[in-house]
J.: 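For reference, the structure I am asking about is given below.
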Amino acid sequence: AIIDDTKIKVLKLTKKGYPIYLHVMGHFIPAEFYKITTPEELHKYAVKVIESTIREKFKICSQLKGSYIYGIFGLADFKGINSSILSKKFMAYAKAILKLQDYYPEILEGCCVINAGLLFRAFYSACKIFIDSKTRKKIKVYGAKYQQGLLEFIDKENLPKFYGGECECPGGCLFSNAGPWKRPNEVEEIIPEDILKRRQEINHIMATGKLQVSADDQVKDGVETEDL
């Protein structure tokens, strides 16, 4: 099982037509996560997400662009993280995700890491030896001043308002699945009350910026991971 908060969120499309996959690291609650999910289960979940993307989303994205789309754009928000990401236990989960590059070596079209600070630098230093050199070159890292960087890749209308864009999806951009793959007559998901309440809390957190990052815990904007 994967806690709803920590699931990978699907936003809209980049300027080049690639689906955007967002992971808000600040929502990660280690004690809860470790209780219900092993590294192996996390790996299986990620494979399921990718296979679903290939099967359901790439075809639609390719039709819209008029040429073949095979790739996703990653957006990782490290605002609000704590030192738990440096633990051996967390690294085991990170490695489980990094194994995906062995099976899908070219699927990452690009990636932006935002709100990256000293903890991210330490985390990246520990895991970069497991990341393929081609993949590392696709990653751009930003501190708190990331808006212009994101707008190089994503149009304002497709970027959530809480990241400096203009998109305000009903129910919150994190949970709307509002890309072109969403069918007009799609039956709305029935969401348990406790999950719905938590989603509302998360939407409020994202809208108000309650997850904080200190001014001295930031990296220079637009840095490539090769320079970290």
J.: Parallel, tilted or perpendicular: which describes the rings of F78 and F123, with under 30° parallel and over 60° perpendicular?
T.: tilted
J.: Evaluate the side-chain proximity of E51 to Y104: yes if any heavy-atom separation is below 4.5 Å, no if none is.
T.: yes
J.: Is any side-chain heavy atom of F175 closer than 4.5 Å to one of C169?
T.: no
J.: What distance separates T14 OG1 from I72 CD1, expressed to the nearest 0.5 Å?
T.: 11.5 Å
J.: Please report the closest heavy-atom contact between L11 and C173, naming both atoms and the distance.
T.: CD2-O, 3.6 Å
J.: Between D77 and Y163, do the side chains contain an N or O donor and an N or O acceptor separated by less than 3.5 Å?
T.: yes
J.: Please evaluate residues K140 and V113 with respect to the criterion side chain to side chain contact (heavy atoms under 4.5 Å, CB included), reporting the C-alpha separation (whole Å), side-chain torsions for both, the decisive distance (0.1 Å), and the verdict.
T.: CA-CA 6 Å; K140 285 278 191 179; V113 175; over 6 Å; no
J.: Heavy atoms, side chains only, cut-off 4.5 Å: are V141 and Y146 in contact?
T.: no
J.: Taking the side chain as every heavy atom from C-beta outward, state whether C167 and N158 have any pair of such atoms under 4.5 Å apart.
T.: no
J.: Nearest 0.5 angstrom please: F90 CZ to N82 CG, how far?
T.: 9.5 Å
J.: Any chance you could measure I97, atom CD1, to C127, atom SG, to the nearest 0.5 Å?
T.: 12.0 Å
J.: Taking the ring centre of each residue, are Y21 and F73 less than 6.0 Å apart?
T.: no
J.: For a quick test of your reading: what N or O donor-acceptor pairs under 3.5 Å do the side chains of residues 62-70 make, sequence neighbours left out?
T.:
residue : atom : partner : partner atom : Å
S62     : OG   : F58     : O            : 2.8
S62     : OG   : I69     : N            : 2.7
K65     : NZ   : K16     : O            : 3.2

J.: Mind listing the closest non-hydrogen atom pair of A144 and N115 along with its distance?
T.: CA-OD1, 3.6 Å
J.: Return the CD1 to CD1 distance between I107 and I54, rounded to the nearest 0.5 Å.
T.: 4.0 Å
J.: Please report the closest heavy-atom contact between Y142 and C112, naming both atoms and the distance.
T.: CE1-SG, 3.9 Å
J.: Can you find a heavy atom in the side chain of E152 that is under 4.5 Å from one in the side chain of Q148?
T.: no
J.: When you measure from the side chain of E109 to the backbone of Y18, do you find a donor-acceptor pair of N or O atoms at a distance under 3.5 Å?
T.: no
J.: Given the rule in the side chain to side chain contact (heavy atoms under 4.5 Å, CB included) test, do V10 and K57 qualify, once you have shown the distances and angles that lead to the verdict?
T.: CA-CA 11 Å; V10 188; K57 295 182 174 64; 4.0 Å; yes
J.: Using the ring centroid of each side chain, check whether Y93 and Y34 are separated by less than 6.0 Å.
T.: yes
J.: At their closest point, which heavy atom of C61 faces which heavy atom of P19, and how far apart are they?
T.: SG-CD, 3.9 Å
J.: I need the minimum non-hydrogen distance between G149 and F153, along with the two atoms involved.
T.: O-CD1, 3.3 Å
J.: Would you check if K9 and I20 make a side-chain contact, meaning some heavy-atom pair closer than 4.5 Å?
T.: no
J.: Checking the side chain of S125 only, and the main-chain atoms of R121 only, is there a donor and an acceptor separated by less than 3.5 Å?
T.: yes
J.: Shortest non-hydrogen contact from P180 to L13?
T.: CG-CD1, 3.8 Å
J.: Is there a donor-acceptor contact under 3.5 Å from the side chain of S52 to the main chain of K48?
T.: no
J.: Side chain of H23, backbone of A76: donor and acceptor closer than 3.5 Å?
T.: no
J.: In Å, rounded to the nearest 0.5 Å, how long is the span from CG of L159 to CG of L75?
T.: 8.0 Å
J.: I'd like to know if the side chain of K15 reaches the main chain of L151, judged simply by a donor and an acceptor atom lying under 3.5 Å from each other, with no hydrogens or angles considered.
T.: yes
J.: Looking at NZ of K99 and NE2 of H43, how far apart are the two atoms once the value is rounded to the nearest 0.5 Å?
T.: 6.5 Å
J.: Salt bridge between K138 and E106, side-chain N to carboxylate O under 4.0 Å?
T.: yes
